[in-house]
Structure formats: C-alpha cells, structure tokens
Amino acid sequence: MSRLLFLLVAIFWTATGVVLASDVMSQDLRKIDVMLSHDNNSNLGRVFQNLEQQTGLRFYYDKAVGEIPADGLADAGKVNLYELLVTVSNRFNLKITQNKNIIAVAKTRVQQTGRITGRVTSAEGMPLAGVSVRVVEIDRTVSTDQNGNFSINVQPATYTLVASYISYLSQRMENIRVEAGNDTPVNFQLVEETKALEEVVIVGYGSSSIKDISGSIASLTAEKINRGPVTSVGQMLQGRAAGVVITRDGNPNGAPSITIRGTSTLRSGGMNVLYVVDGVPMQEGAVMPAPNDIISVDILKDASAAAIYGSRAANGVILITTRQGQKGEGKYVNVDSWVNVETVAKRYEMMDADEYRRYVQEAGAAIAEGWDHGVNTDWQKEVMRTAVSHNQYVNLGGASGGTKYDASLNFLSQNGLIKTSGVQRINARASVDQSILNDRVSIGFTLNGSIADSDPIYNQGSFLKSMLTFVPTVNATDENGVYMQDPSRRDYNPVAMLNQVNIDSRDEKLFGNLRAKASLVKGLDYNLHLSYQTSRNIYGSYAMKDYLPEYTQNGQAERNTSTMNSLVFENYFSYNTRIDRHNIGAMAGYSWQEDNTGDGFQTTNVNFVSDATGYYNLNLGAPPAGYLVDYGDYAIKTLRMISFYGRVNYNFDQRYILQASLRRDGSSAFGKDSRWGFFPSVSGAWRIISERFMENQSIFDDLKLKAGWGISGNSLGFDPMISRLRYGTSGKFYDAGAFITGIVPVQNENPDLKWEKTSMINLGLDMAFFDSRLTLGVEYYNKLTSDLIWNYSVPLTEYLYGSMTANVGKIRNDGVEAVITATPVSTNTFQWNTTLTMAHNRNKVVSLSNDKFAIDNDIRRGPAGAGQSGGSSLVIREGYPLGTLFTHKFAGFEYEEGSTTVGHSLFYDKDGNITATPTDVTDYHFLGNTQPKLTFGWNHNLSYRNWSLDLMFTGVLGHKVLNATLAGLTYVSRSTHFNQPEYVLESGQPFGDTRSQFMSDRYIEKADHLRLQNASLAYTFRLKPETGVKNISVYANVNNAFVITKYRGIDPEVNMSGIDPGVDNNNFYPMPRAFQIGAKLGF
Amino acid sequence: MTGCTDLDVDVLSDITPDNFPKTEEQLKAASGAIYTAFASQYGGSWWLTSEISGDAAILPANGGNWYDGGIYMQCTLHSWTPLTGGRPGGQWAWLYSTINTCNSVYELLAAAADSEAKETAIAELRVMRALCYFYLMDIYGGAPLVTKFGDAVKTRNSRQELFDFVEKEVTESAPLLNPENDITTYGRPNQMTAYTLLAKLYLNAEVYTGTPMWNEALQMCDRVMAFEADNAVELHADYLDMFNYDNGPRIKEFIFAIPYDENNLRGFTPSRFFLGRYTLQALGGYQFGASSCLRVIPAFYDLFTEDPNDVREKTFMKEQLYAEDGVTPLTFAGNRLSHPKAITFVNESTFDVGDTDADFYKGYRSNKFTVSKSQPTNNHSNDLPVFRYADVLLMKAEAILRGAAPTNGDTPVSLVNRVRERSGCAPWTSVDLNRLLDERGRELCYEAWRRNDLIRFGKYEDDFMAFNTIRKNTDPAYRLFPIPQTEIDKNPELTQNPGY
C-alpha cells in the first residue's frame, strides 16, 4: 500500500505542485509510525497536535490550515508518518516541509480546481444517502447526503470513481475528465447485493464465486428471470438458459416440461429435473416458493456440477434460493400486485355454418338428420372467454441484532381461457434466522405452505376435440333446454361437456426446513438441514345425469385423496483455507431421505336421484346390483435413499482450479443386488486471464477454459417396488356362485435393476471483452446414458410375468451452447443490456438391446388416425434420434372419374409406388425428426432514466412437428356430422376420403418460430427518503405478444420432452396472449 | 451405525413372496388366476378371430374406421401374415400366459399339504393346461411343451407330441375330477369336461396327426352321455333361454362354460360388435353403446331357413327392427331402423361398406347372446359355453357317420334329431356329413367352434363371399395360423409354419 501511495505522489508531484521536503531527514520520517484514533482528528490542527504528542516533532501552521476538516483521516489507524503527511499534503493541497524536527505546513498557492458532482441512486431510482464515493487516484472519499448527492473538488485530471455502500455492489466509473472551473456530473446507480448474485453461484452443498466455477452452471438472478404473469418455476426460466428447453401450453393447471441437454431416458416418469430449494431436495409435486420469493436460480447442467446429487442428477438439477432476510440492520416491506387479462392468441379456423353447409352440399351429401337448425354457432367462442387473473403479494422482513426474518403471502387467482377452468392458490412463507455465540452458530427455519383449488377440465382431450368438431349448424340446446348431442356418433356438445360436470381438485402442501450452521474452528463449518414436506390432493368429480360422453350411469361421482410426504436429513462439513496462493476447500456429508407416496383411497358411486348434491354426498347414490366401486390404484409406497458425498476444491493463484466430487447413493427401489452406486466427477478450469503473459494484452478482460467429466444417475419417478416380484389382482373367477379375486404375478423380480447412468463430458470457454461489456461463453458437451430402463417382453415360459423391467439401452446427447451478453450502450441515463442464449443438441438412441434382453422390433410410438388401429407415427430405433417420424408418405389426391369433389388420398408404399390403400407400418417411410436444430432466447433490457423495458424473444429453428390435431380434425368422411377445418375448402381435399385423417407427412410441418415471449415496461418513481417509501414502480407486460411461424396449429411450441417429442395431438389447451399491469411498492 | 445405511423399508401395500401365498384361501386365489387368464381372451379376441376366419361373420370397415390395418379383412380372406397382430397372432400369448399360470400355480399347489381337495385342484389344473395345449395344437400346430415353471423350452414340439400330451394329461386327470355338474363345479373342469375334451381331440385326430380315431371319439361321447342318467347333464328345453344373460349353473346342458359377468368377469362382448349403433338407444334403457361392425354373412343366415319352425332363426336381428312389444317399429332420429341382408362394399379393396348411418346398418346381426339392461359396459353377463351337451350328441353322430361302430342304439339321425327337435324342427329321416355340418352351424353358431368344424370337414377354404369380387386365399397351409413374428423375435429358435 505504501509503495502505491508513493508512486501516486510521484506521479502527481508536478501536476499539483504540492511539495513535501525530501531532504535526507525525510528518511527518518519513514521510520516513524503513528496512531490516529477516531475521536480527536476532527480538523488538521487536532491531527497535528496529536502527532506532536506522539513524535516529538513540532508542527508549524497557521490557523486556517489548522481548521481544515480532517475528512477521511479518521480511520487511518496505525500509519507511517511519512505516508500520512504525503496524504495530507495531497488531499488538502498543502505544502509540507521539514527542517530537522520542525514540520512546516502551509497552503500552496491557489490553483483553480474542478468539481465532480453527482447523485447515487438504487437500481429502482431511489436516492441513497451515506454512500462512499472515492476518487481512486487521490484516495479521497466523500459521502452522499440525504438526497444522494455528492461533490468533490479536485485538480483538473482524469479520475476513476468508486461508489460503495453496504449490501450494494460497488460501482466503478473510469475516465472521468475534470476541467478547471467546471462541474463534471457523475451519477451512480447501485445494485443490491442480493440481486446481483451472479458473482456467487450456488453449487449444491455450498457456493462458489462464478470465476472459480469449472462445471456448467447457468446462474440466474431475480432480475434475469421472466416477467409477466409468471406462476411457476418453468415459466420463470423459459429462454433464459442455454440448453434448458422449456415448453408449456395455456392450461392454468398444466405444468411446463423442462428438458436439460436433451432427453436421456425412455421412462415417462424419469424426465423430470431435480429441484433443490434452499439446500433441500424437493419431492415431485411439493410446494414451490412464490416467484417473488425467489432471489436466484442456479441450474447444474453438466455431470461434473450435478454429480454431487448422485442418482437423481442426470436430468440436471435446479437450485432455488429464496429470500431469507437481509444482512445488516433495517426492515422492509414489499408489495406487488398485478392484474392479468388473457385473450386467445390463436384459434383453430374451423368452417362456419355457411361454409360447412355449402361444403357438404357441393359434395352431393347432406348434413346428418336433425343436425341443421339454420344457425351459425361458433363453439370455440361458446366455451372460451377473456380470462382475468390477479396476484397479490406482500412481503416483510428485516434484521435486528443477530436475527433476520422474512415473511410473505401470495394469493393468485387465475382463470383459464376455457370457461370453468382455473386455479386459486395461496402461498404463505416465513423464515427466521438467529445468530448466537458471537455469530459462530446460526439457526433458522422456513415454513412454506400453499393451498391450491384447481378447476381442471373433465375429459379434457375429448372436450378440446368436440370444441372444434361439433357442427356449427346446431344450437347448444333444443327448445326444452336439453343439450344437443348424439353419443352414438360421438358428437358431444362441448358446452354440455363443460356444464354437466363438477370437478374440483385441491392441493394442500407444506414444507418446513430447519437449518443450522456452526463455525467450529477457523474455516471449518458444519451445516444441517432437517426438512419435512407433505402434500395432499383432494379430488372430487361429478358427471351429471345427462352427461353423455362416458355413458354415465345416471349421475356418476368420484372422490379420492392421496398424500405424500418426504423427510430429508442433510448434514455436511465444509472446510476452506488458504495457504499462500493455494486455496483449498473440502466438503463431506451424509443424507438420509424417506419418501412416502400414494397413500390414499378412492370411492365412486352412481345413479343419483338429483344432480344438486354433486359429489358431496355419495350416500345419495343408488348403485344397481352388481355395481363395482372403483377404488382406484392407491397403495402406500416407501422409498428410502441414503447418500454419502464429498467434494474437494483446489485453486492455485486464481489460475488453476480443480474440483473432484464423489457420491455414494443407496436406494431401496433398486434390485437387492444393485442398491448402491458411486457417482464421481472431476473438473478443472484454467483462468488464462490471470497468467502473467496476459498482463500486457488489452483484448480480453476474462479468459477461462474449463473441462469436466462426471457420472450421474437417474432414479426419478420410479415405483419404489419396481425391482420386486409382486402379485396383484387378475380380475375375478367364479367359485360356487360367487366371484373371487384371483391373484397373479404382475411384476417380475429383477435383483440387478438399478439407476440409469449418465456419463458426461463438458468443455467450456469463457471470454470477456471491452471492459467486460461483451462476454461470450461457449460449451460443448457429450453425454452418454447407459443402463436405460425399459420394459422388455420376456417369454412367459420362463418368467412369471410377460415383461421385465431391465437396464439395457443407451442414448447419446451431444451439443453446443453459447451465451453472449453485451452492453452496447451505457451512459448515465441510458443503458442497454442484451443476452443471447443458443443451444444445439443432437440426440441418438445408441442401443436398445443386449445379450439378454431385446426389443421385439422397433418401439413404435405416436398417434395414428382413425382406422389405423395398431398404427404409429414415431419410431424409436437404434441409430436414430428420439422423435424420428416414421409414418405414411402422402402422394396427393385422386378424384373419382368425372368428379372434382369426391375422391381419396394417395400414399407411397414402401417401394415408392402410389397406392390408395397403404398398409400401416409396412409402408411407412422415415420422414425426418421432431428435435430442433437450434433453440434460443434473446433478451434485451433497456433503461432510460426512470423507465426500463425488458424484451424476451424465444425461438426454435429446424424442427418439425407432427400436427396430429389437424390430421384428426381433417376427417372428411365424417363431415356429415363433424365440422372440418376451414383450410379443407382450399386444399383440394376430396369429399368422402376415408384416409384424410391418416397420419402422413401431409401433417408434418416446419415449426420454426420466433416469439416475443414477453415485453415488460416499468416506470419507477423517485421519492424523497422522508416519505418513508423506498420505491414505487408500475409495470405493464405483454406475454406471448406475437409468434412468427408458418405452423398451422394453435402454437408451434409443442412438448419437446419425453420420448414422443414434437407431437401436437388433440390435447392442446389454447395458448393465451396475456396483458398484465401491476405495481410494486417497497418500504 | 447400521441404521445409517439401512435400505430395507416396510412393504405396506403390496403382495410379495414374503406374504403370499400362505393359506388355503390364498392358494385358491392363486389358482383362480388360471380361469381368469383363460377367460381373458376366450370370449374376446379368440371368439372374434375364430368367427371371422370362418363362414359365419364378417367385420368390414366403415370408411377409415374398423379398417385397422386390414387385420379383420385378412381374417376373412385368409391373408394374414406373421406380422398380423392381435388376431390371429395374439392367441399364442394368451394361451402361454394361461399355461404359465398353470405351471406356476402347480408349484404352489404341490407344496401344499396333501388332501383330496389338493388332488382335485391339481387335476383341474392339468386339464386346463391340456385345454390350452389343445388350442395351441389346433391353432398353430406344434408348440414348445412347457410343463414346469421356469423351464426354458425354446423349440417347438410336434403337433403329435402335443396331441399325446393332451391325451395323457386328460386321461390321467379325468377320474380325479369332480363328477358333479352343478354350482360347485361350474366354471371349472369336471369329469365330463375331460371326456368332452378327449372327444374333440379324437374327432379331430385325423387333422392333428393324420390318424383317424373315430371309435375313441365315440367312446368319449358315450362317457359323457352316461352322466345323463344321473341328471348331471341334459339338453336344455329352451334353446333361446340357454344363451340369455341370466344363464349359468342352471343350464345343465353346459359341460364347461366361461362364467362371464358384466361386472366381475368381463371379456365377452358380441353385442358390442353385432348390434346396431342406434338400436339400443331406440329400445331404451341400455347403459352401453354398440359399434355395429360385425355382420352375419348372408349365406350363413340361409342355413337357418331350412325349417320354418326353427327357433334358432329367431336369434337374428334382420330387416325392420321392433320394440320389445314386437309390433312397434324401432326408429331413430325419424328413421326406421332396419338391417338389410346384403353387405355391399363401397370400396372392396379396403372392405369398406361405407360410413353413413345406413351403411352401419348393412347386414343381419346375431342376438343369440341377449344382454341385460343393467350391463354398464359392453361386457356381457352371458356365460359362453366351451363344451355343451348338444355338441357331444352331434359329435357322436359324426363319429358314427365317419365310421365308428354305433353303440347304445344311437344312430346319427337319432342323435341329430334330438338336437333338432329341441329347437322345434321337423325330424330328419336321414343325415349325411354335409347336412350334419349345416346342423352344427345352426346349433353351435357363434360359439367359437366353426373354424374347427370347417377344417375337419375340409371346407375352411370354401369361398362364401358371393358379394365380393376379391377371392379368398385357398392355401390349405393357412389352416394353421402363423407363429407371430413378435414371438419369433423373442425366441429365434421358434420355426415358422410352412407356407408363411
């Protein structure tokens, strides 16, 4: 430090004209250390008196010099006298000379100075008082006043300023040019530390600085997650992280699907990612914090990062951190309130009544008897609405003494576009932490509960189809108010389907987490988590006496309830130390978890005397003789998982970073010979930027190379009894006049059954340019999942049951991801930040068979049209990616002789010849695949004075979607009583074609699209601190503002997860366009 | 410290080898699975496959519906392939699943303490297993003979070996079975079941092994007929009542029947296929819907016009339909409901009879198995006989016609006339094999034996599709169904039947 000061003095010697005598004696001054205490240095006179007492030197100065306030010297503590005098001379423009033991201090001749003035505000625009603003070159610091203003007089020169404030990130401004006699304005906008967690990444059982990360972790702070009427974690992340593909539909009761770096399992229950909230692995369906309570989300994408979560990490791990009170003193209240209006973004264009009548007539046919009332009913309009939702959020918190606390209440009322659908959810959360024993120990807990009342759509798939196909020429009801419908033709009235059913689903969830942390000795910490999660669903449905689609028995009621819970005990030691340039960290822990699922029951009854009581009084049903209650499939299952885990980190000189982890997982779900497994990982990073040879370059501000390898497992979504020989009911048999339940084996034992194993290599390069205003991160990964689990059919001559669940296949995913961030414009009033994330993944099924188990043929998947029983449209085959389209190839139409309206579809057979009667499977062709070449998200954040605008674009390129919905709607041989899509009129589609609905490449469409996912505009009011209001901001969002696509379906965003990706099949809840306004208040 | 690594959790809600089967009741529950397994396809997939590959019924397409890759069309035209799925290929898995259940239950029974009940239970099990091998032999020819659970028998035993196995197992078991034919034995094999099965075996011995065994067939029929003296078996007086939904142990004519139940034992669904789609609605009060896809082949219906008093003709729904009073014409949406006899295609190549409401009504329908209004789904409560006494009488007549020495004063014509007179037909004075086959058609229609009869009479390849220009495959190799390709893929040592 002293060397630096001397250097500064040398530099500014001539510039300022400040002189310190530097005769031989000054050497003696360098040998003297003095103490400056806090209270007696209010002005220079006091300082000099103090120095006289300590040193015996004599100070000569006039009164004016003695009264100069001694700003910034108060904290000097023990200093070298020479350096102190240099500082004083520089800071106060004094000439200090020494003659033996006399120090003379005089004002230098007056020089014209310049002034730096400015204001410091928070990101929300609130003035911040008491912020330290330091002029680096002259080491001079001033504080801002109540209005956040500051000013410093300095000599004309070029300076660097740093503003720092507790719990805010410091901000640095360079190249500030000060001219004599002029004011130079410099304004700071400080970002709260908690909101700027990009510097700190949560890595699972600990955290790390982002520059020390050697694995692949996408880290998102609250500022970088999606805005708008966001109600789930999936929605928050859509488009924000490269390689994290999220799709959803408009159903308020639906859950987005998340796939990280490609699908690597064939099991439908095994597709999910593991969520870890504040260090606790969450059970599927457990309560999630309200979006406003989340301060950061970290996504562990590669195995070297995720392997610490062992057998549940193969699909990636999403770590969620919630607000848990603030450090330091103070208290706060935040309010957020929004209203959201949803409209139908796009509807299926079906024929209207006139078009439909004309279409049927022109083909020489007639609308089914009694099915034309001379009206024009738009069924989509009849069952959909403009849906209004709102959300109210209140949060309070603070800190005092060693206690910090935070509590929030969130109420969401969301209506779906389809009448009667919606959800109301209340989410309450409280967190308290207490430090004791001189902050050596802290203990805290969080309680989070939610109650959600959902109104799903009964029989949704059938309903959505009826909404489109029910003919437009009939009224909803006849003159007696009876709904028009014809069950024998499966013509169900969509209005009746909504109105003749009561359906309610209530979820009650609770999560409690007790945590403790103790600093045992320097560097060694002990961490403990003890958490309990419980969720209960209570369901009731009643299909009224006249509800037709399921042949109800004169009123049909069902009630069920099920509970699940999870007890998690996690504890680990962590140790960090630094020896010279060696940073060493180690962590070791043990976890024990027991989940109980499926604890519940169901009962049903039929034949009610009145619809009035719905499902509330099952006792009123009068089931006919022999009626069997459907008890459902409820059975309590216990899953226990035990783990030992550890990790070591080594960091040499901020240049070489190494990390290795190992987890040993045991699970009761697996075969008795394969219950335990090891999950290792190793990774390293080379921070080239810190190398000596990089010191003289000016291109890079950061340059880091990283590489990692690890093995993780997938044991998610298993029936805990999966590996055992199990007996179940086989139906009944006759025994002397009565029926008795037969018991048969329903599952073979597989003592070798174990988790699916994913081994992944990750290579990455991080770069930053132009003062870090441009950063580029590129990663390559290659993951091979082996021991894929599938049900293999086995000969019944050897096995008790015809199929065997076994680890056999392999899937590979490899790909490239890139993240580019840039700040193209940054001035005091205007800032533009942009982030582009891109990902390309290549998926391939490597093998499906081994010596013992083999797939009979291909695994054929995907929907087929009416008349194609046993048909399929996708294939899972070795050497091909998931989502491989394998179906008929369309060859146009052929009209009957002399007709321009009647005819049939033509297809290519397996040899390429044209046929009207293709055979399913035999005549299928490979027609590409549904997995995209590129997924991207492009975010812009613009702020101008009090305004800020956030734009989030998402898009997918190079992917095909099987539009099975459109195929199902194009069912022209049923057009006398099924409405047809409008495009049929122009498509040349012949009437009477019995294969118009066959799956073929006629319905395989490019689904490339660009969506303005969200546009969010906010204005923040600047208020004086004395109002007691920290900030007020109002905002407006448009969600799903537009989609640019040629796709003909309702929305090109089709579920991309699972083994049937890219199929749009009749179950597509319309996507809304949402307009939201809201306000946030902070106190 | 062991608690830290203990992964043994309590199993609260599953039946595992730790707790099953331990008691006599559990053994019964385990052996009951044999009957459930057998019933699972007998009245469903097998019933439909055997009927539509014969001359009595056809399942055409309605536009794109019911085409289903041509699997039904292939049954009619005998153009099935090893790749044809559920029918006829699906019978293999059904029969082996049942055999395997028998083999695994055998292990459980053998371990139980000795008792008379155990002896009977094992005999019943062996006959059920033999019945499955009888069907494998009948449908596919040779097949791997697996008699012990866990034995990996990969290669096919010959048809002769299956024949010998069935003969031996049933012959040995017969004396150990219950002699009664009442509610206590209903749904399970009794002594008569064993003898009837042997009669079927011997009557078809020429087909199965090349060596006729007419006398042996006759002897087995006589064994069954001996029970008539004990009133254990009889011809039920009312033919139509015999197949009503409330049939059951009260029908003494049933020797072995599958006791289907609309709630408890589902799997028999002829009305779902046969009945008109609006008919049940027009009749009123029915809870289930019908598909209207299965039709009576006109030439087969013509067999029933031989005698104007034949009550068996009343099982058909034809032309104008009437309400239960028999006089009010049934209508739906203003249209009269009527089934025309002719089945006309709008597109022969896809077996498409058209997709309009009228098209759905083409063709006569069988309502032999009349259903109850309480039936909640399309599963019937009607029990489906596998063996019944009229069949035994006709088999004895056939054995004599084919050369067996007559016994007990029975002649072919006296035996056939017993069956005819029960249905109100005039007695014949003489009978030959052709007339006997027609009589078997009238008497046993839609009871899943027609395919077996046609093969034995050499008429399986006869073309009865006068209304169609596509000709049926006449290759006699198709008397055996192909081994399903899926099974060969699983077990490459299975050889395919010749001709496929």
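What you see below is based on every heavy atom in this structure, not just the backbone, and it leaves out hydrogens, waters and symmetry mates.
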Participant: Which answer fits R188(B), side chain, backbone, both or neither, if we ask what part of it has an atom under 4.5 Å from a heavy atom of chain A?
Facilitator: side chain
Participant: Pick from F733(A), Y627(A), F853(A), Y792(A): which one has the most heavy-atom pairs with chain B under 4.5 Å?
Facilitator: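 Ranked by heavy-atom pairs under 4.5 Å with chain B, first place is F733(A).
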Participant: Tell me, for S667(A) versus chain B, whether the close heavy atoms (under 4.5 Å) come from the side chain, the backbone, both or neither.
Facilitator: backbone
Participant: Report the option among T638(A), D920(A), V744(A), L639(A) that has the most heavy-atom pairs separated by less than 4.5 Å from atoms of chain B.
Facilitator: T638(A)
Participant: I want to check something: taking the side chain as every heavy atom from C-beta on, are Y260(B) and N379(B) in contact at a cut-off of under 4.5 Å?
Facilitator: no
Participant: At a heavy-atom separation under 4.5 Å, does D10(B) approach chain A through its side chain, its backbone, both, or neither?
Facilitator: backbone
Participant: Is a side-chain donor-acceptor pair under 3.5 Å present for W371(A) with D486(A)?
Facilitator: no
Participant: Report which part of D993(A) has an atom under 4.5 Å of a heavy atom belonging to chain B: side chain, backbone, both, or neither.
Facilitator: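 Contact with chain B involves no heavy atom of D993(A) at all.
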Participant: Just by modelled atom types, is the Y590(A) backbone N or O under 3.5 Å from a matching donor or acceptor in the N571(A) side chain?
Facilitator: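 A pair under 3.5 Å: yes.
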Participant: Quick one: what part of N264(B) sits under 4.5 Å from any heavy atom of chain A, side chain, backbone, both or neither?
Facilitator: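 The answer is both parts of N264(B).
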Participant: Quick one: which of D14(B), L265(B), T184(B) has the most heavy-atom pairs under 4.5 Å with chain A, could you say?
Facilitator: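 So the answer, after comparing D14(B), L265(B), T184(B), is D14(B).
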Participant: Give, as side chain, backbone, both or neither, the part of Y971(A) having an atom under 4.5 angstrom from any heavy atom of chain B.
Facilitator: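 Answer is side chain: those atoms of Y971(A) sit under 4.5 Å from chain B.
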Participant: Please classify the contact between Q997(A) and chain B as side chain, backbone, both or neither, with a heavy-atom cut-off of under 4.5 Å.
Facilitator: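 Side chain of Q997(A) only, per the 4.5 Å heavy-atom cut-off to chain B.
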Participant: Heavy-atom cut-off 4.5 Å, strictly under: side chain, backbone, both or neither for R726(A) against chain B?
Facilitator: both
Participant: Based on non-hydrogen pairs under 4.5 Å, which of G187(B), P259(B), A39(B) is most in contact with chain A?
Facilitator: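 The residue among G187(B), P259(B), A39(B) with the greatest pair count is P259(B).
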Participant: Parallel, tilted or perpendicular: which one describes the rings of H888(A) and F998(A), with boundaries at 30° and 60°?
Facilitator: parallel
Participant: Give me the ring orientation class for Y133(B) and Y96(B): parallel if the planes are under 30° apart, tilted from 30 to 60°, perpendicular past 60°.
Facilitator: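 Y133(B) and Y96(B): perpendicular rings.
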Participant: Under 3.5 Å, side chain of N178(B) to main-chain N/O of T185(B), donor-acceptor pair present?
Facilitator: no
Participant: Which atoms of D599(A) come close to chain B, meaning under 4.5 Å heavy atom to heavy atom: side chain ones, backbone ones, both, or neither?
Facilitator: neither
Participant: Would you tell me whether T279(B) and Y361(B) have side-chain atoms, one donor and one acceptor, within less than 3.5 Å of each other?
Facilitator: yes
Participant: Using a cut-off of under 4.5 Å for heavy-atom pairs, which of Y634(A), W676(A), F739(A) has the most such pairs with chain B?
Facilitator: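 The residue among Y634(A), W676(A), F739(A) with the greatest pair count is F739(A).
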Participant: Please rank G871(A), S973(A), G598(A) by heavy-atom pairs under 4.5 Å with chain B and give me the top one.
Facilitator: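 Ranked by contacts with chain B, first place is S973(A).
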Participant: Do you know which of E896(A), E894(A), R995(A) makes side-chain contact (heavy atoms from CB on, under 4.5 Å) with H904(A)?
Facilitator: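 Going through E896(A), E894(A), R995(A) one by one, the side-chain contact (heavy atoms from CB on, under 4.5 Å) with H904(A) is satisfied by E894(A) alone.
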Participant: Just by distance, no angles: are the side chains of T486(B) and D489(B) close enough, under 3.5 Å, to form a donor-acceptor pair?
Facilitator: no
Participant: So does A93(B) get a backbone contact from the side chain of E487(B), meaning a donor-acceptor N/O pair under 3.5 Å?
Facilitator: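 It does not hold such a pair.
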Participant: Out of T350(B), T356(B), L12(B), return the one with the most heavy atom pairs under 4.5 angstrom to chain A.
Facilitator: T350(B)
Participant: Evaluate the side-chain proximity of D355(B) to F360(B): yes if any heavy-atom separation is below 4.5 Å, no if none is.
Facilitator: yes
Participant: Of the options Y186(B), F38(B), F256(B), Y35(B), which is the one that meets Y734(A) in a ring pair (Phe, Tyr, Trp, His ring centres under 6.0 Å)?
Facilitator: Y186(B)
Participant: Specify which of T917(A), L725(A), T729(A), V606(A) makes the most heavy-atom pairs with chain B at under 4.5 Å.
Facilitator: L725(A)
Participant: Name the region of T741(A), side chain, backbone, both or neither, that has any atom closer than 4.5 Å to a heavy atom of chain B.
Facilitator: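 The answer is the backbone of T741(A).
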Participant: Given 3.5 Å as the limit, does a donor-acceptor pair link the side chain of N62(B) with the main chain of G354(B), or not?
Facilitator: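 Such a contact is found between N62(B) side chain and G354(B) backbone.
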Participant: What part of D357(B) lies closer than 4.5 angstrom to a heavy atom of chain A: side chain, backbone, both or neither?
Facilitator: side chain
Participant: Let me know if T16(B) has heavy atoms under 4.5 Å from chain A in its side chain, its backbone, both or neither.
Facilitator: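 Both parts, heavy atoms under 4.5 Å.
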Participant: Heavy-atom distances under 4.5 Å only: say whether V11(B) touches chain A with side chain, backbone, both or neither.
Facilitator: side chain
